[in-house]
Number of protein chains: 2
Amino acid sequence: MKIGELAKRTEVPTRMLRYYEEQGLITPRRQQNGYREYDEYLVDRVKKIRGLLNSGIPTRIIGDMLPCLNQPQEIVVADPDPELREMLVRERDRMAERVALLEHHRHALTRYIAAMDRSIAATTAPRVPT
Amino acid sequence: MKIGELAKRTEVPTRMLRYYEEQGLITPRRQQNGYREYDEYLVDRVKKIRGLLNSGIPTRIIGDMLPCLNQPQEIVVADPDPELREMLVRERDRMAERVALLEHHRHALTRYIAAMDRSIAATTAPRVPT
DNA sequence: GTGCAACCTTACAGTCATGTCAAGGTTGAC
DNA sequence: GTCAACCTTGACATGACTGTAAGGTTGCAC
């Protein structure tokens, strides 16, 4: 498929698909006219890349991880590099921290919004029946 | 206190404290020699800023929120702007999404690390008693 | 009071994941 | 043939950092 279709199917802008290519995360073939030609399996891979980026993992590290995450279901560990393992553990722990923090702030925001609503209610209907 | 002490107490590098100032999130007074002078209450505020930034809220929006989050405990809504409310709701929903995604990837990573460990165990002790 | 480390200052450049735009080539439908 | 809807590369902008250079201030030892 061409870049536009991949963009639609993954909801990742074409700009980003080209960027991921630039970073060596995907390497589509080229048609005779120079257009990029993406294989089906790249849909999954792009989604994986997005997910990892969204989790705060930089492209450089994603590049290290991707070859290990080849099979969609089964986890294949080709070269069990202890350094990579450590890095992944660190990333996982950082994720846990971020989840906790996000939850904390989500609750704070929820409380804040509720307070706003009370304030708005008080403003629009200031006279409360005694 | 001076910038170095604030940095130590908040674990936010001086470089970033100056950056937050540049972005209008904190405005320390100046000593005669030009050094920045931070009040005690800024320790809390900087921590709040870090938390919000970590949650993916941009400085621009944090700048809008901070004046509302003055009191550490009580939530004070000075000007219940419905636009701000909508924005906050959007931010909160985005946070929820990000939490879900992070959790998903955290679990994936955990599974992956476990698989690695099995692989390492198999490599270092390849002969399993039948 | 000289020297020196440890602090502080500004200012400018670089990074990373994005967004946006320009200038131009290709394709397919009418 | 022309027009919209694609595609290409390239360049510049932005947000949140991050690094570093070049220099001023402070405090302490000698």
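Order of the sequence lines fixes the chain letters, A, B, ..., with proteins taken first and strands second; residue numbering starts at 1 for each chain.
- Taking the side chain of T59(A) as heavy atoms from C-beta on, and the options dT9(D), dG15(D), dA17(C), the nearest nucleotide is dA17(C).
- Using a 4.0 Å heavy-atom distance criterion, T14(A) is classed as making no nucleic acid contact.
- In this structure, K8(A) does not pair ionically with E5(A), as no charged nitrogen and carboxylate oxygen lie closer than 4.0 Å.
- A donor N or O paired with an acceptor N or O is found under 3.5 Å between the base of dG25(C) and the side-chain atoms of Y35(A).
- Between M1(B) atom CE and dC8(C) atom P there is a gap of 12 Å when expressed in whole angstrom units.
- For dC17(D), neither phosphate oxygen OP1 nor OP2 lies less than 4.0 angstrom from any side-chain nitrogen or oxygen of Y19(B).
- No more than 12 heavy atoms of other residues, nucleotides or ligands shown are found within 6.0 angstrom of CD on E11(B).
- Here the side chains of Y38(A) and E21(A) are in contact, with some heavy-atom distance below 4.5 Å.
- Between I49(A) atom CD1 and dA17(C) atom P there is a gap of 11 Å when expressed in whole angstrom units.
- Across dT10(C), dA16(D), dA17(C), the shortest atom-to-atom separation from the side chain of P58(B) is found for dA16(D).
- Note on R30(A): a side-chain N or O is less than 4.0 Å away from OP1 or OP2 of dT9(D).
- Nearest-nucleotide assignment on DNA chain D puts the 5′-proximal partner with I57(B), out of N33(B) and I57(B).
- If you measure from atom CG of L6(B) to atom C1' of dC8(C), you get 14 Å, rounded to the nearest angstrom.
- Residues R36(B) and R18(B) meet the side-chain proximity criterion, which asks for heavy atoms closer than 4.5 Å.
- Judged by closest nucleotide on DNA chain C, E37(B) is the one of M16(A) and E37(B) placed further toward the 5' end.
- Between R50(B) and dC17(D) there is a side-chain N or O to OP1 or OP2 distance below 4.0 Å.
- The distance from atom CD1 of I62(A) to atom C1' of dA17(C) is 10 Å, rounded to the nearest whole Å.
- Rounded to an integer number of Å, the gap from CD of Q32(A) to P of dT26(C) is 12 Å.
- Side-chain contact, R50(B) with Y20(B): a donor N or O sits under 3.5 Å from an acceptor N or O.
- Evaluation of atom-type donor-acceptor distances gives a pair under 3.5 Å for the side chain of R15(B) against the base of dG19(D).
- In this entry the distance linking CG of L52(A) with P of dC16(C) reads 17 Å, nearest Å.
- As judged by a 4.0 angstrom heavy-atom cut-off over every strand, R36(A) is placed among residues touching the sugar-phosphate backbone only.
- The interatomic distance linking L17(B) (CG) with dT18(D) (P) rounds to 12 Å, in whole Å.
- Between the CD atom of E22(A) and the P atom of dG10(D) there is a distance of 10 Å, rounded to whole Å.
- Using a 4.0 Å heavy-atom criterion, one finds that P13(B) contacts no nucleic acid atom at all.
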